[in-house]
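To start, the structure itself, in structure tokens.
Values below: all heavy atoms of this structure, side chains included; hydrogens, waters and symmetry mates excluded. Since the model is a prediction, treat every value here as computed from it, not as a measurement. Just so you know, residue 1 is the first one in the sequence shown, and it goes up from there.
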Amino acid sequence: MIRFTNSLTRQMEPFDPLEPGRVRLYTCGPTVYDVAHIGNFRTFLFEDLLKRFLIWKGYSVLHVKNLTDIDDKTIARANQAGTPLRTLTDKFAALFFEDMATLGCLPADVYPRATEHIPEMIALIQAMEKNGHVYVSQGSVYFRIASLPGYGALCPMDLAGNLDGARVDGDQYDKESARDFVLWKAARPGEPSWESPWGPGRPGWHLECSAMSAKYLGEVFDIHTGGIDLVFPHHENEIAQSRGATGKAPVKLWLHAEHLLVNGEKMSKSLGNFYTLRDLLDRGADPMAIRYLLLSVPYRKQMNFTFEGLEAAKAALARLRDFRARWLEAAAGPEEPPAVAQTIRGHRSAFSAALEEDLNTAIALSALFEAIRASNAAMDRGSWGLGARQEAGLLLEDFERVFGIGLERGEMLNAEVEALIQARQEARKARNFAEADRIRGELKARGILLEDTPQGVRWKRA
Ligand code: AMP
Ligand code: ZN
């Protein structure tokens, strides 16, 4: 049985999607004003693990990840750089896709951008307005929290007040109550704006996720995820908006990843204590070791980033690769004491059971290494039979599929190729042809040939 800790109920609950065999998943994406740091990627990798796990368990997953391409930060950064907003956000969206590909993340089915969904957002405000949840003040539109009984289900108010680093709208607008939040911000000089029934303006941040999740996944869907800092106010307000518009709670299961820390503090742009993926690659890190490291601590636990930790991840990965090579070459005899195969099978069930229990990667990995120890000992003793060989092979395959880390040296998984091709397309859209060529070169170096056809990009292995 698969169980997850639902942030809404703060309890472990059996997983039960709305439609048998199908999961509709929304993961809050990056704000594309800068390069994402590895704290952001801890959350994105947790989401990739979740998706791979569900696919491994036989579900088909419809996955939407938004790009926040308009907010105070993106506008400020574009103005600073003296470039149009879209030029800035295209550039960082392309870098985001590239980093996701480097880290071996499966692409989402849809990457909706906020600026391309203004009509949907306006319609959502209109639905809330019809139900009496909004008011207008000096050209801005606000959600009146007092109008919605049950506000605060995700994050009770006594907690919300104490949350560190919650991204609360600091802008000075005229609200009836300090808790009310902005849905539509009246246009200001130097900011992009769109026409609306309330006058020119731009959407508030929370609105995009409610509008775009409903558009692509329906008014009620299965799983919504993000980092823990998004619980309040972002996700609480998403629930308020959707309930205000449709009367229905939009999400069955809320999952939140704990933070990646540096010296005990949240890794963040504003504190300046961050590393980007590129920083680590420049120091010679293997992206798969970074992936392994960030996945090795269960998502609901805080995790401290250190270079010793990265070294340990590299060593663990090397052991896995070495074992895979030994497994491939070791001659298996027809005879064996059945205990070895049984032992490995036991570890394989433990691996699966740990993941089924709220994605406990730490226990799953320790089961994997137990199996490797038992296998190595059996090989050393010369009692390595066909049954054991098969069980160990299945376990390695399970690991590769769920953790998204190929152990066979040099071989690229199809999903990695697809993700890099997508990153190249994004770079081309952003007119960053040097980057697009670099990706083509990287693929070629890894034995993947691209062909641009009128129907799109085709690829084959050299
Ligand atoms: P942003 O680009 O700021 O919208 O953040 C993208 C995602 O990264 C969100 O889900 C955040 O909650 C998450 N995030 C930000 N900082 C960290 C961190 N230090 N550790 C884990 N996740 C983070
Ligand atoms: Zn969101």
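Sparse packing is recorded around NZ of Lys91, with 12 or fewer heavy atoms of other residues, nucleotides or ligands lying under 6.0 Å away.
Note that CZ of Arg424 is 12.0 Å distant from CG of Asn432, once rounded to the nearest 0.5 Å. Note: Glu236 CD to Ser7 OG = 11.0 Å, rounded to the nearest 0.5 Å. Here the straight-line distance linking atom CD1 of Ile421 with atom CG of Leu443 works out to 6.0 Å at 0.5 Å rounding.
Using a 4.0 Å cut-off between a side-chain N of Lys or Arg and a carboxylate O of Asp or Glu, Asp437 and Arg428 do not qualify as a salt bridge. Residues Asp48 and Arg52 are paired through a salt bridge, judged by an N-O separation under 4.0 Å between the basic side chain and the carboxylate. Salt bridge Lys266/Asp229: present, at least one basic N to carboxylate O contact under 4.0 Å. Salt-bridge formation is detected for the pair Glu176/Arg144: a Lys NZ or Arg NE/NH1/NH2 atom is positioned less than 4.0 Å from an Asp or Glu carboxylate oxygen. A salt bridge between Arg278 and Asp99 is present, with a side-chain N of the basic residue lying under 4.0 Å from a carboxylate O of the acidic one. We find that Glu356 and Lys57 are joined by a salt bridge, their nearest charged nitrogen and carboxylate oxygen being less than 4.0 Å apart. Taking 4.0 Å as the cut-off between side-chain N and carboxylate O, Arg438 and Glu98 count as a salt-bridged pair. A salt bridge is defined here as a Lys NZ or Arg NE, NH1 or NH2 lying under 4.0 Å from an Asp or Glu carboxylate O, and Arg77 with Asp71 fails to meet this definition. Look at Lys215 and Glu120 and you find a salt bridge, because one of the NZ, NE, NH1 or NH2 atoms lies within 4.0 Å of a carboxylate O, short of that distance. Under a 4.0 Å N-O distance rule, the pair Glu191/Lys185 does not qualify as a salt bridge.
The backbone N or O of His234 sits nowhere less than 3.5 Å from a side-chain atom of Asn237 that would complete a donor-acceptor pair. Between the side chain of Arg300 and the backbone N or O of His256, no donor-acceptor pair lies under 3.5 Å. The backbone N or O of Leu295 sits less than 3.5 Å from a side-chain atom of Thr361, completing a donor-acceptor pair.
In this structure, Leu67 and Pro112 have side chains that are not in contact, with every pair of non-hydrogen atoms separated by 4.5 Å or more. Taking 4.5 Å as the limit, some side-chain heavy atom of Leu365 sits within range of a side-chain heavy atom of Phe399. Within the 4.5 Å cutoff, the side chain of Cys28 has heavy atoms near those of the Cys209 side chain. Between Ile118 and Ile122 the shortest side-chain heavy-atom distance falls below 4.5 Å. Here the side chains of Leu124 and Ser210 are in contact, with some heavy-atom distance below 4.5 Å. Contact of the Leu183 side chain with the Pro203 side chain is not registered, since no non-hydrogen atoms from C-beta on lie closer than 4.5 Å. Within the 4.5 Å cutoff, side-chain heavy atoms of Glu238 are placed close to those of Trp254. Annotation: side chain of Ile405 is not in contact with side chain of Glu400 (no heavy-atom distance under 4.5 Å).
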- Task: Show your reasoning for whether ring-ring contact (aromatic ring centres under 6.0 Å, His included) applies to Tyr59 and Phe15.
- Result: CA-CA 12 Å; Tyr59 292 98; Phe15 179 59; 5.5 Å; yes
- Take Tyr26 and Asp222 through the test side-chain hydrogen bond (donor to acceptor under 3.5 Å, both in side chains) and record every step on the way to the result. CA-CA 8 Å; Tyr26 188 91; Asp222 298 296; over 6 Å; no
- Message: One pair to check against side-chain hydrogen bond (donor to acceptor under 3.5 Å, both in side chains): Thr43 and Glu47. What are the steps and the verdict?
- Response: CA-CA 6 Å; Thr43 294; Glu47 290 157 349; 5.9 Å; no
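In this structure, Phe44 and Phe41 have perpendicular ring planes: the angle between them is above 60°, well past the 30° mark. Between Phe351 and Trp56, the two ring planes are perpendicular [angle over 60°; tilted spans 30° to 60°]. The aromatic rings of Phe53 and Phe4 lie perpendicular to each other, with more than 60° between the two planes, well past the 30° mark.
Within the structure, the salt bridge (charged side-chain N to carboxylate O under 4.0 Å, His left out) test picks out no pair touching residues 125-143 (sequence neighbours left out). Under the side-chain hydrogen bond (donor to acceptor under 3.5 Å, both in side chains) criterion, the residue pairs touching residues 100-114 are Asp90-Arg113, Arg113-Glu426, with sequence neighbours excluded.
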Report, one line per pair, each donor and acceptor closer than 3.5 Å where one atom sits in a side chain of residues 301-318; sequence neighbours left out.
unit_1, atom_1, unit_2, atom_2, d
Asn304, OD1, Asn263, N, 3.4
Asn304, OD1, Gly264, N, 3.3
Thr306, OG1, Gly309, N, 2.9

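For the side-chain hydrogen bond (donor to acceptor under 3.5 Å, both in side chains) test, residues two or more places apart in sequence or in another chain that qualify with His117 are Tyr216. Residues satisfying the side-chain hydrogen bond (donor to acceptor under 3.5 Å, both in side chains) test with Tyr299, not counting sequence neighbours, are Asp358. Residues satisfying the side-chain hydrogen bond (donor to acceptor under 3.5 Å, both in side chains) criterion with Arg401, sequence neighbours excluded, are absent altogether.
Each of Phe181, Phe143, Tyr142 was checked for a ring-ring contact (aromatic ring centres under 6.0 Å, His included) with His206, and the lone residue meeting it is Phe181.
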